[in-house]
Amino acid sequence: MAGVVTVRLPDGSTRELAEGTTALHLAESIGPRLAKAAVAATVDGAEVDLSAEVPDGSTVSVVTAESDAGRNVIRHSTAHVLAQAVLRLWPGAYFAIGPVIEDGFYYDFELPGGAHFSDDDLGRIEATMREIMKEDQPFVRHEHSIQDGLTLFEDQPFKREIIEAVGVGANEIDAAPGDESAPEVSTYWNSPVFADLCRGPHVPSTGRLGFFTLMRVAGAYWRGDEKRQQLQRIYGTAWESEKALAAYLHRLKEAERRDHRKLGAELDLFSFPEEIGSGLPVFHPKGGTVRRLMEEYSRTQHVAAGYEFVNTPHISKAELFETSGHLSWFVDGIFPPMELDGGQQYYLKPMNCPFHILIFKSRQRSYRELPIRMFEFGSVYRYEKSGVVHGLTRVRGMTQDDAHIFCTREQMPSELFTTLTFVLSLLRDFGLEDFFLELSTRPEGKAVGTQEEWDEATDALRSTAEKMDLDLVLDEGGGAFYGPKISVQARDAIGRTHQMSTIQLDFQLPQRFDMEYVGTDNGRHRPIMIHRALFGSVERFFAILLEHYAGALPTWLSPEQVRVLPLSDAHQAYADAVEDRLRSLGIRVSLDGADEPLGARIRRAKMTKVPYILVVGDDDVAGGSVGVNRRGSKQPERGVLMESFVDGLTTEIAERGSPEGAGAVPGGGS
RNA sequence: GCCUGGGUAGCUCAGUCGGUAGAGCAACGCAUUCGUAAUGCGUAGGUCAGGAGUUCGAUUCUCCUCCCAGGCUCCA
């Protein structure tokens, strides 16, 4: 029955092929270049190997190396080779899972005798992987019943566990995309002695791989569970070409260049003195200035938006956090208590909300007062496990730009709307432009509040979010047990996303603190409570801005806006006058005298990323002008009239611009 | 907290197969007075993260602690 099969291609055309034709043959029949680029195929949407036969009537497309799907195939296959190499070098090792992740892959192992990988092992493993690739071993797929699979991987406990999970129809372990419902497992053999459990597809043979590098070793818990054993994980990256690999490594370098910890030291903004402790930063004068500017701008905007400012202490009696519930569900994040006054326990505050609630409760409230919007730059302390502190983004002491809004149920939708609008506009003022929203809904099982309350609040959040004309991602069941939330995610200059602000409804605290107000009906009602942090923490926001701008902050946020350089001592007096004039306008300006060559002074100023360097010499003294060297520009401008420079500068500051141009992100793109 | 790798001058790093250390930049001093990314010479600067152990002797070897990086877990 040697017949003919007809398949449909993605462009809608159809092709007739001899029965038994593989996806690779199909690619070859379309063109040699396609065949060369092919790494896998999809048949009716499901990914298959190139060696798979294409069935009659199916829609087939070829997956090429230079697509996301193709890269994933390459990465998955490279991970597979990694496992083979490790088993070759450490006979008796157990191998667990080796999924594709963003830009790469990893594989988890348990080495015999409790051995661990060291960084030096990476080179050996990589060399062995290259040997395997050189051997050009084919990846051959086999299907097995659950029982056969268990027998085959008799001495591989992790594989057995995965197979058993497949057996009960709960296969979510292997991160390869695709749906798996058949009670069957598949393996890939690329040598008589090595097989891996894998859904596939894989590249046809190991010779198709090679543009990879192993990045690092790390510990990882089996199935991500802290209570289970820790495995040894190797991370790697793999690409379709040498060029793509190099581009990726370059991107990593770029991110490193922007690292706020590095910039913080280089620009003398902040540091982490060991004497103070892990995760406890100090801000130097320049960093302190930037912080002050951020906070001042934020305060001004909050006043305009109808917030009232409150202040609360950093410690309180234990009972407050018992009432709030923090001591039962957030203990791990709270520093241990101190005992004062004959046994009374005090805690450093991990959150500001209970304090704000007490302000609300300081007297009886009427509906006429609502909404009440309380704002505070509140310093909180959280005990973070030693392994998680990270620069300014994860610290143990931080200042939140924290606000709590207390309103009636009727006011909730409009409050949410104005809050979200406010949040977005403030973030835009700081130069972040690219946002999307995430809506986190009720977690099943353990949630306080009635279903009705949740529905009403979630609907209010959703309709608010939908009015924003931004992408909205649903985080089903991702809300906290005490209420749903919207979080604002921002993409930075090099495309990374950061969770910025959150707007969170709270059904728990008003109840626990028995909050109430008197309504029009003279009855007592419970207010709605909205938690809202905009920067998240000032420290973290600072870090994000620094990385977003690669240290070249917009002029209004620059700790030093202008530096004046007299060409020689003869121009000192004029330079002083220029400096005084700018300072009188509130410009942050400094002067670097002529006891070093101009080039050296220019260089030093450039390295601190001052927006404007003014060089003044004879011509300028004579003509009342300045030589303007603008950050980001190669060509200095000579003979700019002082007043014209001042006009341009003050306008730029008022508009929160940068010397590089409106909304410019220096070094962005790359 | 766990895994891997680190901590040498303010910074970036070299070095010591166990005999208490060196460069560049920065700082300071003197000279230099210059038109757009490094002027020259000189000086000073170190409990080699901290503690304990082994040793005649430890920055080096062992153990513990602290801190940092990358992960896991967690999260603003």
Side-chain angles (χ1 to χ4, degrees), chain A residues 101 106 108 114 116-122 215-235 252 256 259 261-262 265-266 268 271-280 330 332-333 350-351 380 382-402 487 498-502 504 531 533-541 543-544 565-572 593-608 613-620 626-630 633-639:
Chain A
I101 52 175
Y106 66 80
D108 286 349
H116 295 297
F117 293 122
S118 76
D119 279 5
D120 298 337
D121 292 329
L122 290 182
M215 308 292 288
R216 59 181 58 92
V217 310
Y221 299 101
W222 171 231
R223 297 200 170 181
D225 184 346
E226 207 174 347
K227 305 224 165 36
R228 304 188 69 159
Q229 75 236 66
Q230 188 160 37
L231 305 176
Q232 295 287 300
R233 174 172 297 179
I234 294 179
Y235 283 92
L252 290 186
E256 199 182 312
D259 191 313
R261 295 164 300 184
K262 205 175 145 144
E266 281 171 9
D268 195 17
S271 62
F272 298 88
E274 209 177 297
E275 294 84 341
I276 298 176
S278 183
L280 298 167
F330 198 67
D332 291 348
M351 292 186 181
V380 298
R382 296 185 186 174
Y383 175 71
E384 298 289 354
K385 288 192 271 182
S386 66
V388 308
V389 294
H390 177 95
L392 288 180
T393 59
R394 199 71 189 278
V395 294
R396 285 178 169 169
M398 60 173 156
T399 302
Q400 293 183 310
D401 60 331
D402 208 1
S487 55
H498 305 274
Q499 178 176 318
M500 307 298 316
S501 322
T502 56
Q504 167 100 49
H531 300 253
L534 198 155
F535 295 158
S537 78
V538 178
E539 289 80 3
R540 196 175 103 95
F541 192 65
I544 290 170
L565 311 183
L567 202 55
S568 77
D569 286 346
H571 314 107
Q572 179 73 36
D595 40 36
E596 270 182 288
L598 182 65
R601 288 180 285 151
I602 293 278
R603 178 168 188 270
R604 188 165 35 195
K606 286 285 183 191
M607 290 201 303
T608 61
I613 302 166
L614 301 184
V615 176
V616 294
D618 288 339
D619 301 352
D620 301 299
V626 290
V628 179
N629 188 324
R630 178 185 281 266
S633 137
K634 290 256 185 288
Q635 201 59 20
E637 262 180 277
R638 291 278 298 273

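Proteins come first, then strands; the chains are lettered A, B, ... in the order of their sequence lines, and each starts at number 1.
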To the nearest angstrom, how far is [X] atom [atom1] from [N] atom [atom2]?
X	N	atom1	atom2	result
A:Asp121	B:C3	CG	P	17 Å
A:Leu122	B:C3	CG	P	18 Å
A:Met351	B:C75	CE	P	10 Å
A:Arg396	B:C68	CZ	C1'	13 Å
A:Phe541	B:A76	CZ	P	17 Å
A:Phe272	B:A69	CZ	C1'	13 Å

Need one value for [X]: base, sugar-phosphate or nothing, where a base atom within 4.0 Å counts as base even if backbone is also close, heavy atoms only.
X	value
A:Val395	base
A:Phe117	sugar-phosphate
A:Asp620	base
A:Gly639	nothing
A:Ser278	sugar-phosphate
A:Asp618	base
A:Ala600	sugar-phosphate
A:Phe330	nothing

Between [N] and [M], how many Å separate the two [atom1] atoms, rounded to a whole number?
N	M	atom1	answer
B:C67	B:A21	P	30 Å
B:G40	B:C56	C1'	48 Å
B:G42	B:G35	P	26 Å
B:C11	B:G50	C1'	22 Å
B:U47	B:U8	P	12 Å
B:U20	B:C13	P	26 Å
B:A52	B:G10	P	23 Å
B:A69	B:U59	C1'	22 Å

Please list, for nucleotides 7-12 of chain B, all pairs of protein and nucleotide N/O atoms separated by less than 3.5 Å.
none

If you look at every heavy atom in [X] and [Y], which pair is closest and at what distance?
X	Y	result
A:Pro350	A:Val380	O-CB, 3.5 Å
A:Glu256	A:Lys262	O-CD, 3.7 Å
A:Gln572	A:Pro566	OE1-CG, 3.8 Å

Applying side chain to side chain donor-acceptor pair (under 3.5 Å), name anything that partners [X], two or more places apart in sequence or on another chain.
X	value
A:Glu637	none
A:Asp401	none
A:Thr399	A:Arg291, A:Ser379
A:Gln504	none

I'd like a table of atom pairs between the protein and nucleotides 70-73 of chain B - only N or O on both sides, under 3.5 Å - with the distance next to each one.
from, atom 1, to, atom 2, distance (Å)
B:G70, OP1, A:Arg261, NH1, 3.1
B:G70, OP1, A:Arg261, NH2, 2.7
B:G70, OP2, A:Arg261, NH1, 3.1
B:G70, OP2, A:His390, ND1, 3.1
B:G70, O2', A:Arg216, NE, 2.6
B:G71, O3', A:Tyr235, OH, 2.9
B:G71, O2', A:Tyr235, OH, 3.0
B:G71, N2, A:Gly219, O, 3.4
B:G71, N2, A:Gln230, NE2, 3.4
B:C72, O4', A:Gly219, O, 3.1
B:C72, O2', A:Tyr221, N, 3.0
B:U73, O2', A:Glu226, OE1, 2.8

Say you draw a straight line from [atom1] of [X] to [atom2] of [Y]; how long is it, rounded to the nearest 0.5 Å?
X	Y	atom1	atom2	value
A:Glu384	A:Arg394	CD	CZ	4.0 Å
A:Lys606	A:Asn629	NZ	CG	3.5 Å
A:Asp121	A:Ile234	CG	CD1	7.5 Å

Q: Please tell me which of the listed nucleotides, B:U36, B:C3, B:A76, lies nearest to the side chain of A:Pro636?
A: B:U36
List in chain and number order the residues that pass ring-ring contact (aromatic ring centres under 6.0 Å, His included) with [X], two or more places apart in sequence or in another chain; answer none if no residue qualifies.
X	value
A:Tyr383	A:Phe335
A:Tyr235	A:Tyr106
A:Phe117	A:Trp90, A:Phe109

Q.
Check this for me: does the side-chain of A:Glu384 come within 3.5 Å of the base of B:A76 through a donor and an acceptor?
A. yes
(Q) Requiring both pairing distances under 3.5 angstrom, list the stems that contain RNA chain B and are made of three or more consecutive Watson-Crick or G-U pairs. (A) B:1-7 with B:66-72, B:10-13 with B:22-25, B:27-31 with B:39-43, B:49-53 with B:61-65
Q: Report yes if a side-chain nitrogen or oxygen of A:Thr393 is closer than 4.0 Å to either non-bridging phosphate oxygen (OP1 or OP2) of B:A76; otherwise report no.
A: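 The answer is no; no side-chain N or O of A:Thr393 sits under 4.0 Å from OP1 or OP2.
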(Q) For nucleotides 25-34 of chain B, give me one character per nucleotide, 5' to 3': B if any protein heavy atom sits under 4.0 Å from the base, S if the only such contacts are to the sugar-phosphate, - if neither. (A) -------BBB
Q | Per-nucleotide protein contact string for nucleotides 41-47 of chain B (B base, S sugar-phosphate only, - none; heavy atom under 4.0 Å) | A | -------
